[in-house]
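Written out below as structure tokens is the structure these notes cover.
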Amino acid sequence: WLPWIFWAWLGAYQKSQKIEIKPPSLPPAGGATEGQGKIENSNARCGRLFSIFNFQFSNNWSLVCGIFLAATFYAGGIYLLMYTGLAFILLLFLVRRPRRAWRVTATAGGWALGFASLKLIPVLLWLRQFPDQIYAGSSFTLPWLDEILFGRHLHGSNIIFNQQSGWHEYGAYIGYAIFTLALVGVSRVARNRIVRGLAVASVAAILLSSAGPELKPVFDQIPYMPRSNISRFILMGVIPLSLLAGFGLDYLVTRAA
């Protein structure tokens, strides 16, 4: 569902640029009594709030994005949703209109919570009744990047040395061809703000995925949070790498043309 989530989010963001919010203008100071001015000012503020409310719910793309987010949750992708939420935060720093991006994200998230409540509420009650007693410790991933990104290990134990539970790839395999295209995309980092953001996000995610042993005491203090091995956070390094590969492919096609 992840590609469809971001496809719908992009549609919502693009449509938000076409919707103009024109709140009622304030009346001139002269020619109105003090009481009338307060009433008209209050009406103007209400008009602004209504315009924003109407803006949110006239954008059907946010509704579609919320449906895909809820479908991910029903499919059991709670960890993917947590990572996707972090990706939405990153988007705020990459787009030209952060406020519009925030409104789109908040609206889509609201729709998703509504659609997912049939399963979400029982899950939250269950986690409250049966909290995890201990965090599943992770290993450092940096020494094993070659195995993780190129080794194509899907499941099993002892794939990563000192991993306290079985390693699951969770989409971390990227392959040499895509990685090479990503490097070509990174070569455009000086000319493109989005490329710079993706490169920073990828490096940060890979480093964070290797901090599992250091974060274990922190996670042990929040048993109500759905959690797993922090080493699996490397997925959030693979997604930016894949997008960078797209930039690299575009660059090569442009040069060939």
Are side-chain heavy atoms of Phe247 and Asn192 found at a separation under 4.5 Å? yes

Output for pair (Ile234 CD1, Leu145 CG), nearest 0.5 Å, gives 5.0 Å

With distance as the sole criterion, is a donor-acceptor pair present between the side chains of Thr105 and Trp9 under 3.5 Å? yes

Do you know which two heavy atoms are closest between Leu241 and Ile174, and how far apart they sit? CB-CD1, 3.6 Å

Just verifying a value: how many Å separate Thr107 OG1 and Leu63 CG, rounded to the nearest 0.5 Å? 10.5 Å

Roughly how far, to the nearest 0.5 Å, is the CG atom of Leu94 from the CD1 atom of Ile89? 12.5 Å

Identify whether Trp126 and Val123 are in the same connected component of the hydrophobic contact network (ILVMFWY, side-chain heavy atoms under 4.5 Å). yes

Enumerate donor-acceptor pairs with a distance under 3.5 Å from any side-chain N or O in residues 202-210 to protein atoms, sequence neighbours excluded.
unit_1: Ser202; atom_1: OG; unit_2: Gly237; atom_2: O; d: 3.0
unit_1: Ser209; atom_1: OG; unit_2: Thr141; atom_2: OG1; d: 3.0
unit_1: Ser209; atom_1: OG; unit_2: Ile206; atom_2: O; d: 2.7
unit_1: Ser210; atom_1: OG; unit_2: Thr141; atom_2: N; d: 3.1
unit_1: Ser210; atom_1: OG; unit_2: Leu142; atom_2: N; d: 3.4

Nearest 0.5 Å, what's the CD1-CG distance between Ile5 and Leu10? 14.0 Å

Show your working on side chain to side chain contact (heavy atoms under 4.5 Å, CB included) between Arg100 and Lys15 and close with a plain yes or no. CA-CA 10 Å; Arg100 292 177 181 175; Lys15 184 174 181 180; over 6 Å; no

Nearest heavy atoms of Arg188 and Val195, plus distance in Å: C-CG1, 4.1 Å

Is there a path of hydrophobic side-chain contacts, each under 4.5 Å between heavy atoms, that joins Leu118 and Leu113? no

Report yes if some heavy atom in the side chain of Leu198 is under 4.5 Å from a heavy atom in the side chain of Ile239; otherwise report no. no

Heavy atoms, side chains only, cut-off 4.5 Å: are Trp61 and Trp7 in contact? yes

Atom CG in Asp250, atom CG in Leu181: separation rounded to 0.5 Å? 10.0 Å

4.5 Å side-chain heavy-atom contact, Leu90 and Val200: no

Can you spot which of Phe68, Phe73, Phe6 makes a ring-ring contact (aromatic ring centres under 6.0 Å, His included) with Trp1? Phe68

Kindly state each residue pair satisfying ring pair (Phe, Tyr, Trp, His ring centres under 6.0 Å) with at least one member in residues 180-216, sequence neighbours excluded. none

Out of curiosity, Trp111 CH2 to Cys65 SG, how far, rounded to the nearest 0.5 Å? 12.5 Å

Are the side chains of Tyr74 and Lys119 in contact, using a 4.5 Å heavy-atom criterion? yes

Would the number of heavy atoms belonging to other residues, nucleotides or ligands and lying under 6.0 Å from CG of Leu125 be above 12? yes

Which heavy atom in Phe115 sits nearest to a heavy atom in Ala70, and how many Å separate them? CB-CB, 3.6 Å

Hey, does Arg103 have a side-chain heavy atom less than 4.5 Å from the side chain of Arg97? no

Side chain proximity check, Leu91 to Tyr13, heavy atoms < 4.5 angstrom: no

Can you run down the ring pair (Phe, Tyr, Trp, His ring centres under 6.0 Å) pairs that involve residues 174-208, sequence neighbours left out, and say none if there aren't any? Phe150-Tyr176, Phe150-Phe179

May I ask you to test the Val238-Leu149 pair for a side-chain heavy-atom distance under 4.5 Å? yes

